[in-house]
Amino acid sequence: METPSYFGRKLSGGANSSAGFNYQDICAIICFFERLNRKNIVNSLGVETINDFVIHQENKTISTQVKKRTLTISDVKKILRETYTDSKHIVMITASHFHDDLDQLIKKRDQFRDVMESNLDDLWKQNIVLQFNRELAGFGLEKESEFFIQSEFRCFPERTVDAILLATVWTWTEQRNISINIPQFINSLKVKVQSLRSERGHLLMEDIDELIKVHSIQSVASRVIKEIYQSKVIESSQILSVLGDTQESILKPLEEKLQVADDLIKKDNYRDALDIYKSLATLYPKEEIYLQCAMLNELCNEYDEAIKYSNCILTMNRGHFAANLIKGTSLGALELYPEAILQLERTLLIKSAPEVYYNLGYILWLTGESKMAIEYYNSCLKLDDKFTSAHLNISICYFETMNYKKSLYHINQAICLDPNMYQAYARKGELYRFLGLYDDAIVYFEECLSRDKTNYQSLLGIAFCFVEKGSLSEASIQFKKFFNHYYDQFFQSDDKIGKKVGLIDIGWKRTLFATIELSGENKLNVYVNNTCLHVNTTKSTNFIFIGSIQLSDDTGIILYPSIGKIYENNKEYREVINFIKNSGDLHQVFNKPLYFDFEGNIKVNVKEREKYVLIEIIFGNNYQISGRTDKKSGGLESFLEYLNKYKQYRIHLECTESQEVFIIETKTNINIDLLE
């Protein structure tokens with residue numbers, strides 16, 4: 001049975017009820033720190049004011065109502081009618097779950113706002129307004145339409161709200177580069193907010209600074225775990241000591257051969273080193289020689305051979321730890337999981353070592369036994385709490401068993417121990433995306449891609465994040481990057497136009513179903529979230545730009561604001577130019593590649609992001625060029641400087657293959673969205 005709302009009819013904040021206050025406080029802290037993470041200037045968090053909580057920013061106030069239950073459109077209508085607000089307040093509605101109809105309406109609202117903030121044709125905007133208002137009227141929201149469009153909505157499922165809080169605060173500590181005991185810090189925050197509720201007080205930034213001092217700790221030392229087998233490679237001097245007495249004439253060339261093998265191992269040239277040790281094994285059937293052969297075979301992915309040499313050792317010494325371990329891990333690599341588990345458990349009887357527990361945990365995870373895998377990973381970490389891969393893998397297991405707080409803890413431990421472990425950033429991005437923290441998820445996915453440019457999980461994860469945010473241009477750009485690397489996993493060269501494949505993205509709040517349709521040569525339609533995204537998968541070095549370029553004539557040289565795209569392939573360039581010419585009236589200057597947009601048919605949107613600039617050039621509402629710069633390098637600032645000076649700019653398209661240019665001079669219809 002669903003827990004009833006704990007707020008009174010007038011939404012006074014539940015002063016007469018104690019149920020649900022903990023959830024309300026957690027939501028307040030999450031929203032407060034989300035603002036800080038977005039680099040907003042936040043003055044205070046007001047608790048138990050007229051609304052459930054308010055966030056005071058520099059120029060606005062966010063008044064929030066909290067419901068620890070499923071909200072319907074009817075509930076929202078009632079809240080919008082009864083929530084106290086004024087001209088300086090933005091209404092936020094927070095709940096543990098949104099009904100599907102409400103969730104879909106919010107997504108459409110987000111896409112609607114994105115379009116309305118652009119500089120598209122006013123008549124076209126009016127049509128969109130009419131369509132969206134008709135949809136709102138269908139739900140009886142015509143009187144509250146303005147409130148609904150301007151309000152913010154946040155969903156924090158009760159089961160994951162603690163994990164969302166932990167993730168949000170953890171991101172804040174990373175951005176500020178501070179070391180605190182986060183669980184204790186969060187507990188103190190909760191106590192502080194609880195005490196403020198009775199007096200309708202405010203949490204100030206000074207209060208946060210005091211809590212930082214109380215819970216500050218020394219940074220955890222970061223150390224990268226060495227590869228297991230490389231740390232076990234036996235020095236050539238140790239090998240010589242077990243070969244027995246030998247004449248100098250034999251010993252010298254043998255020593256030289258061992259030294260060559262030793263050098264090859266240090267250079268990761270395992271196969272050539274293996275050839276040397278295999279030849280030695282026929283002459284000197286010693287445990288240490290066999291062990292080198294076993295380890296080098298496993299490093300070369302020759303698992304049957306690794307088992308064969310391990311067995312040679314075990315016939316001499318059944319209690320040989322390394323031989324038992326290599327045999328167990330090689331059986332696992334051959335997907336002989338029951339045999340591998342028995343072998344590794346036998347190895348544990350010889351020696352309780354972290355690498356044995358780790359491999360047992362990994363095999364059990366592969367076979368779908370996440371809970372048992374967690375037990376073995378924990379045993380590994382008890383023996384070696386700096387085992388980076390164990391932290392990474394146990395985080396995945398905790399995620400699969402829905403223990404999101406422990407999953408987040410261990411993924412952060414992995415990153416702390418090895419800041420270059422790209423897999424950890426991908427998993428952290430996936431965890432944040434699952435929790436609905438899309439902006440933070442994108443940051444961690446991009447951290448992964450800075451180290452592994454083709455990471456499947458991160459490329460697809462970013463695309464889905466932008467879909468959820470309603471940023472469709474950026475979603476299209478990210479799907480293009482994804483399919484540039486993984487097209488062959490979905491389509492073959494002989495596939496016919498119209499073939500469709502599916503992608504399922506399972507999240508906590510809902511499941512997204514994406515259908516990918518082959519719509520033409522190197523062209524895809526991605527149907528997701530009631531939207532069709534057009535994706536061109538042609539691989540090229542095309543790039544979009546914004547800045548100022550030099551123009552010269554008889555009077556001298558000036559810098560002129562320009563925005564545009566450089567194309568590599570002439571065929572693609574010609575297709576784009578034909579689309580542009582057919583999408584609106586452009587006036588050509590004699591026979592030059594210079595055109596004027598006197599009719600105002602072209603609209604440009606420039607959106608500044610933390611690390612790049614998103615550019616959308618729309619021609620007559622029929623054709624669009626969109627893309628983002630690789631990074632921010634001063635081009636936007638230069639563009640704005642000279643745009644302010646000349647009050648006009650040019651759109652510059654160019655093909656490097658044919659050395660052609662296509663230039664449009666214009667002065668209106670540009671919308672620039674800068675970061676706060």
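The first residue of the sequence shown is numbered 1, and numbering continues consecutively from there.
- Seen from the ring of Tyr438, Arg433 does not count as a face-on cation partner, given the 6.0 Å and 45° thresholds.
- Donor-acceptor pairing under 3.5 Å is recorded for the side chains of Glu174 and Tyr444.
- The aromatic rings of Tyr362 and Tyr358 sit parallel, their planes meeting at an angle under 30°, below the 60° perpendicular limit.
- Here the closest non-hydrogen pair linking Phe185 and His215 is CA-CD2, 3.7 Å.
- Proximity of Leu431 to Phe399: side-chain heavy atoms (C-beta onward) are separated by under 4.5 Å at one or more points.
- Nearest approach of Trp365 to Cys397, heavy atoms of both residues: CD1-SG, 3.5 Å.
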Test Tyr337 against Leu342 for side chain to side chain contact (heavy atoms under 4.5 Å, CB included), laying out the working first. CA-CA 9 Å; Tyr337 299 132; Leu342 288 173; over 6 Å; no
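- By the 30° and 60° cut-offs, the orientation of the rings of Phe479 relative to Phe464 is perpendicular.
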Yes or no on side chain to side chain contact (heavy atoms under 4.5 Å, CB included) for Lys68 and Glu158, after CA distance, side-chain angles and deciding distance? CA-CA 7 Å; Lys68 195 177 69 171; Glu158 187 176 1; 3.7 Å; yes
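- Side-chain atoms of Lys190 and Asn22 include no donor-acceptor pair closer than 3.5 Å.
- Judged by distance alone, with hydrogens and angles left aside, the side-chain atoms of Asp207 form no donor-acceptor pair with the main-chain N or O of Leu203 at under 3.5 Å.
- In this structure, Ala167 and Tyr432 approach most closely via the heavy-atom pair O-OH, 2.7 Å.
- In this structure, Ser188 contributes its side chain and Gln184 its backbone to a donor-acceptor pair below 3.5 Å.
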Decide yes or no on side chain to side chain contact (heavy atoms under 4.5 Å, CB included) for Tyr398 and Tyr409, but give the supporting numbers first. CA-CA 10 Å; Tyr398 275 127; Tyr409 168 78; over 6 Å; no
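- Sparse packing is recorded around NZ of Lys382, with 12 or fewer heavy atoms of other residues, nucleotides or ligands lying under 6.0 Å away.
- Under a 3.5 Å cut-off, the side chain of Ser96 and the backbone N or O of Pro157 do not form any donor-acceptor pair.
- Scanning both residues, Phe32 and Met205, for their nearest heavy atoms gives CZ-SD, 3.7 Å.
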Could you give me the CA-CA distance, side-chain angles and deciding distance for Phe482 and Tyr487, then say whether ring-ring contact (aromatic ring centres under 6.0 Å, His included) is met? CA-CA 8 Å; Phe482 173 77; Tyr487 181 91; over 10 Å; no
For Glu152 and Arg35, run salt bridge (Lys or Arg N to Asp or Glu O under 4.0 Å): C-alpha distance rounded to whole Å, both residues' side-chain angles, the deciding distance at 0.1 Å, then the answer. CA-CA 13 Å; Glu152 295 187 24; Arg35 252 62 188 183; 2.6 Å; yes
Please report the C-alpha distance between Lys67 and Asp52 in whole Å, then the side-chain angles of each, then the deciding distance to 0.1 Å, and finally whether the salt bridge (Lys or Arg N to Asp or Glu O under 4.0 Å) criterion is met. CA-CA 10 Å; Lys67 298 291 184 182; Asp52 295 323; over 6 Å; no
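- You'll find the side chain of Leu417 reaches within 4.5 Å of the side chain of His391, heavy atoms only.
- Pairs engaging residues 444-457 under the salt bridge (Lys or Arg N to Asp or Glu O under 4.0 Å) rule: Glu446-Arg628, Glu447-Arg451 [sequence neighbours left out].
- With respect to Tyr377, the side chain to side chain contact (heavy atoms under 4.5 Å, CB included) criterion is satisfied by exactly one of Leu364, Leu360, Ile396, Asn393: Asn393.
- Residues Leu334 and Ile307 form a side-chain contact, since some pair of their non-hydrogen atoms from C-beta on lies under 4.5 Å apart.
- When side chains are defined from C-beta on, Leu189 does not count as touching Asn187, because their heavy atoms never get closer than 4.5 Å.
- Contact record, Ala294 with Ala306: O-CB, 3.5 Å, taken as the closest heavy-atom pair.
- Side chains of Ser458 and Tyr425: no donor on one and acceptor on the other come within 3.5 Å.
- In terms of modelled atom types and a separation under 3.5 Å, the side chain of Ser379 and the main chain of Glu375 share a donor-acceptor contact.
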Table please: side-chain donor-acceptor pairs of residues 319-328 below 3.5 Å, with sequence neighbours left out.
residue : atom : partner : partner atom : Å
His320  : ND1  : Ala323  : N            : 3.2
Asn324  : OD1  : Gln343  : NE2          : 2.8
Asn324  : ND2  : Arg318  : O            : 3.1
Asn324  : ND2  : His320  : O            : 2.7
Lys327  : NZ   : Asn311  : OD1          : 3.0

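- The shortest distance between side-chain heavy atoms of Leu71 and His99 does not fall below 4.5 Å.
- Side-chain contact between Phe156 and Arg154: present, with at least one pair of heavy atoms (C-beta onward) separated by less than 4.5 Å.
- There is a side-chain donor-acceptor pair under 3.5 Å between Ser407 and Ser395.
- Taking every heavy atom of both residues into account, Leu166 and Lys405 meet most closely at CD2-O, 3.7 Å.
- Between Arg609 and Glu474 there is a salt bridge, with a side-chain nitrogen of the basic residue lying less than 4.0 Å from a carboxylate oxygen of the acidic one.
- Every residue was checked against the ring pair (Phe, Tyr, Trp, His ring centres under 6.0 Å) condition with Tyr357, not counting sequence neighbours, and none meets it.
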Go through it in stages, so that I can follow the logic: the residues are Phe490 and Tyr486, the test is ring-ring contact (aromatic ring centres under 6.0 Å, His included), and I'd like the CA-CA distance, side-chain angles, deciding distance and then a yes or no. CA-CA 7 Å; Phe490 298 88; Tyr486 296 104; 8.2 Å; no
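- Salt-bridge check for Lys469 with Asp439: passed, with a basic side-chain N closer than 4.0 Å to an acidic carboxylate O.
- Side-chain atoms of Asn359 come within 3.5 Å of backbone N or O of Glu355 as a donor-acceptor pair.
- Between Lys428 and Asn412, the closest side-chain pair of non-hydrogen atoms falls below 4.5 Å.
- Side chains of Thr168 and Glu34: no donor on one and acceptor on the other come within 3.5 Å.
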Check the pair Asn297, Tyr303 against side chain to side chain contact (heavy atoms under 4.5 Å, CB included), reporting the backbone distance first and the verdict last. CA-CA 7 Å; Asn297 268 297; Tyr303 302 112; over 6 Å; no
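- Put simply, the side chain of Phe491 reaches to within 4.5 Å of the side chain of Leu524, judged on heavy atoms.
- Interatomic distance, CD1 of Ile208 versus CG of Leu45, reported as 8.5 Å (0.5 Å rounding).
- Atom CG of Asn177 has 12 or fewer neighbouring heavy atoms from other residues, nucleotides or ligands inside a 6.0 Å radius.
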